[in-house]
**Q** 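Can you keep this structure in mind? I'll have questions shortly.
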Number of protein chains: 2
Amino acid sequence: MKVAKQNADKKLTLIDVAIAAGVSAITVSRVINQPEKVSESLRQQVQKAIDLLGYIPNQYASSLASSKSNVIGVAIPSLSNTVFTDVLRGIYDVMGTTGYKVLLVDTHYSPLEEEKMIRTLLSQTPEALIITGGDQTRTCQNLIQKSRVPVVQIMELLNEPLDMNVGFSHWQAGYDVVKHLLDEGYSRIGFIGARMDPRVQQRMQGFKKALEDADKFHKNFIMTTPEPSSISVGGELFKSLLASTNGTVDAVFCANDDLALGALFESQRMNINVPNDLALCGFNDIEASRFVNPSLTSVQVGRYEMGVKAAEMVIARLNGNTDDAKVVDMGYQIKKRQSTSHE
Amino acid sequence: MKVAKQNADKKLTLIDVAIAAGVSAITVSRVINQPEKVSESLRQQVQKAIDLLGYIPNQYASSLASSKSNVIGVAIPSLSNTVFTDVLRGIYDVMGTTGYKVLLVDTHYSPLEEEKMIRTLLSQTPEALIITGGDQTRTCQNLIQKSRVPVVQIMELLNEPLDMNVGFSHWQAGYDVVKHLLDEGYSRIGFIGARMDPRVQQRMQGFKKALEDADKFHKNFIMTTPEPSSISVGGELFKSLLASTNGTVDAVFCANDDLALGALFESQRMNINVPNDLALCGFNDIEASRFVNPSLTSVQVGRYEMGVKAAEMVIARLNGNTDDAKVVDMGYQIKKRQSTSHE
DNA sequence: AACGCAAATGATTGCGCTATCATTTATCTT
DNA sequence: AAGATAAATGATAGCGCAATCATTTGCGTT
């Protein structure tokens, strides 16, 4: 095997490997992409050259020539929210076992930023997109449909998905939480919510409808803020809600567990007994909810599983399985714990 | 402006836009990449064609022709750990304002997987890499250096960085935590740690040295597990530590805040008073530590800022500022709270 | 041993774009 | 107003690879 003297500054190409291995360029390409088409002996000879030179194929040239990018574009609204990073982990774990790469963008909960980011994703000619929710701009949705790229919209169930859809009904979950609280004997039920993204809005609407159905809805029992959600904000909203209800609220549905923890820690400081004086229910069922004292009732959602499912749907589609379900309801489960159960 | 009848199945290229706008392909390219080089009138004319057709440039062709990918490769060990997603957010927030795209991979704390993933990243001819820590395989480090791509290693300070380095001394932080606990009058100090990645190991070594210096080190006061860290595991490790020390431990340095919360919640259930019977100190200073009751002493680290800094260093380098600092110590701060302070 | 067929390998071309250099048009100088 | 310079636009070639088709080699059959 002759090793061409390699200018250290010049990047290695297929040709360099081909020369080193004494074969044609296309044979090297085959060794990399379709090794079964190359005889055992040649394959080893070429592989040796690849390893020796430390050759790494140029993905751009490959993608351009084959019009296959092996890229899956993913758009999520936030990187600091465990809800999305859990889903992401599911996506990465599935994609990692295939040849696909994940190109991730953070839309910061803004449809306009999302549109910009999805342009970026589309310029990579992705094999598929996984995007969050359904509140893309019209332009953005047009771009996606025009590109004819398979899309999965995740996190929530949509009335008119662009293509595939994995999620659950936030509205129904909100409704069910209130039913649970009513069942437990609470009747002056409040809601605190932050960020107020579409999914939080839906939970709130479900909350509202359930109380209206029970004839127990009061406008001043809702306290929200456009600020990002956090434990700190949960404490603040809780105090505001107490003020707004003159301390008469006896249960609070918190739009997520961070808010619920904030409310819980704050009530501890105020010597309000949870659950005897006040019930608290969160959403998402993060780990802390299960272990905090009292343990927090919350709505468990298979986030990781949702990511896995979305990734699997994408892969199935890319493998040509066009008859698989296009919409998957992941459901949810209310985890009833100490914080909503009178002693 | 004549619009060529566009076969809906065929993807749009520069040429299509050029024909539609009645100009040459290169002019369209300029409108996109160097608009200042095109006259105002022509620029508008071309932009109109771009918008009308919904043209999105093919990034692969562009990168191949220009040998500029505008991709920054990022490798982190875990997506489920807020420590890394906070850093990531810093990276994304900076990169989002530039033209760079972030290609993210998850190494699952495995150097072998990391090597594989970094091959993937390198095949995208990234402009730079941001990778975690210094325990890459030798092969992996060779690949990186051979590629001559700027690299920032983040999260910890390294003895021999490959190139740039942003982090802080986990060893020193561990040492300082013990000093704080000793200062507060605790003397039978234990350690619990999970996952035991290099950084946790360093904190533990700092812990050990500080106790040895004070002549107070006992082997059975360390309790670790290779399992991933969690609140649940924190509770378990804490119980094990109590058993191992016959309940004589009076302070626990927890390798991170999840473990500390687990230990705290468990001690609440066991009616152990924190901080009077037992001090607890965490690491990372996540939001819950500040709000839980009693509030948890922890080591605050500028994670988001570390991501921002790493991204800025990359950008500075890519802009040709070669004389900037290659190593940045982000430092840390021990946040002294209720959990380590006798009443 | 001659033939046919399959498997293995190679030569050519083009993916869509931008670098480079060439050409044309506008603007300035004295 | 002629020449010089700058600004705007275009023509050509090639980035590194894989699709396609062509050629060679190996192997079994009778």
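All values below come from the heavy atoms of this structure, side chains included, with hydrogens, waters and symmetry mates left out. Just so we're on the same page: letters track the sequence lines, and every chain starts at 1.
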**Q** Once the angle between the rings of A:Tyr109 and A:Phe84 is folded into 0 to 90°, is it parallel (under 30°), tilted (30 to 60°) or perpendicular (over 60°)?
**A** perpendicular
**Q** Measure from CD1 on A:Ile15 to P on D:dC15 and round the result to the nearest Å.
**A** 10 Å
**Q** If you check the B:Arg30 side chain, which of D:dT9, C:dT18, C:dA8 turns out closest?
**A** D:dT9
**Q** Can you check the A:Glu40 CD to C:dA7 C1' distance for me, whole Å?
**A** 15 Å
**Q** Can you list the steps and then say if B:Thr27 with B:Ser24 is a side chain to side chain donor-acceptor pair (under 3.5 Å)?
**A** CA-CA 5 Å; B:Thr27 298; B:Ser24 69; 3.2 Å; yes
**Q** Looking only at side-chain atoms of A:Ser66, point me to the closest of D:dC17, D:dA19, C:dT18.
**A** D:dA19
**Q** Show your working on salt bridge (Lys or Arg N to Asp or Glu O under 4.0 Å) between A:Glu305 and A:Lys309 and close with a plain yes or no.
**A** CA-CA 6 Å; A:Glu305 293 75 12; A:Lys309 187 70 201 173; over 6 Å; no
**Q** Using atom NZ of A:Lys37 as one end and atom P of C:dA6 as the other, report the distance to the nearest whole Å.
**A** 14 Å
**Q** Checking contacts here: which listed nucleotide (D:dC17, C:dC17, D:dA18) is nearest the side-chain heavy atoms of A:Asn33?
**A** D:dA18
**Q** The side chain of A:Val38 is closest to which nucleotide in this list: C:dT9, C:dT18, D:dA18?
**A** C:dT9
**Q** Nearest-Å distance, OH (A:Tyr60) to P (C:dT18)?
**A** 14 Å
**Q** Sort out for me which residue in B:Gln153, B:Arg317, B:Arg148, B:Met313 forms a side-chain contact (heavy atoms from CB on, under 4.5 Å) with B:Asp163.
**A** B:Arg317
**Q** Side chain of B:Thr27 only, please: which of C:dA11, D:dG16, D:dG10 is the nearest?
**A** D:dG10
**Q** Rounded to whole angstrom units, what separation is found between the CD1 atom of B:Ile56 and the P atom of C:dC17?
**A** 12 Å
**Q** Tell me: CD of B:Gln34 to P of C:dT18, nearest whole Å?
**A** 9 Å
**Q** Would you mind classifying the nucleic acid contact of B:Ile26 as base, sugar-phosphate or nothing, using non-hydrogen atoms under 4.0 angstrom?
**A** base
**Q** C:dC17, D:dG10, D:dA18: which one has an atom nearest the side-chain heavy atoms of B:Val23?
**A** D:dG10
**Q** In this structure, how many angstroms lie between the P atom of C:dA26 and the CG atom of B:Leu42, rounded?
**A** 12 Å
**Q** Does the side chain of B:Ser24 get closer than 4.0 angstrom to OP1 or OP2 of D:dT9 through an N or O atom?
**A** no
**Q** Does the side chain of A:Ser39 get closer than 4.0 angstrom to OP1 or OP2 of C:dT9 through an N or O atom?
**A** yes
**Q** B:Ala65 has a side chain; which of C:dA11, C:dG16, D:dC17 sits nearest to it?
**A** C:dG16
**Q** Would you check, one step at a time, whether the test salt bridge (Lys or Arg N to Asp or Glu O under 4.0 Å) holds for B:Asp197 with B:Arg195?
**A** CA-CA 6 Å; B:Asp197 64 72; B:Arg195 177 79 76 177; 5.5 Å; no
**Q** Looking only at side-chain atoms of B:Ala61, point me to the closest of C:dG10, C:dC17, D:dG16.
**A** C:dC17
**Q** Please classify the nucleic acid contact of B:Ser67 as base, sugar-phosphate, or nothing, using heavy-atom distances under 4.0 Å.
**A** nothing
**Q** May I have the distance from A:Gln59 (atom CD) to D:dC15 (atom C1'), rounded to whole angstrom?
**A** 15 Å
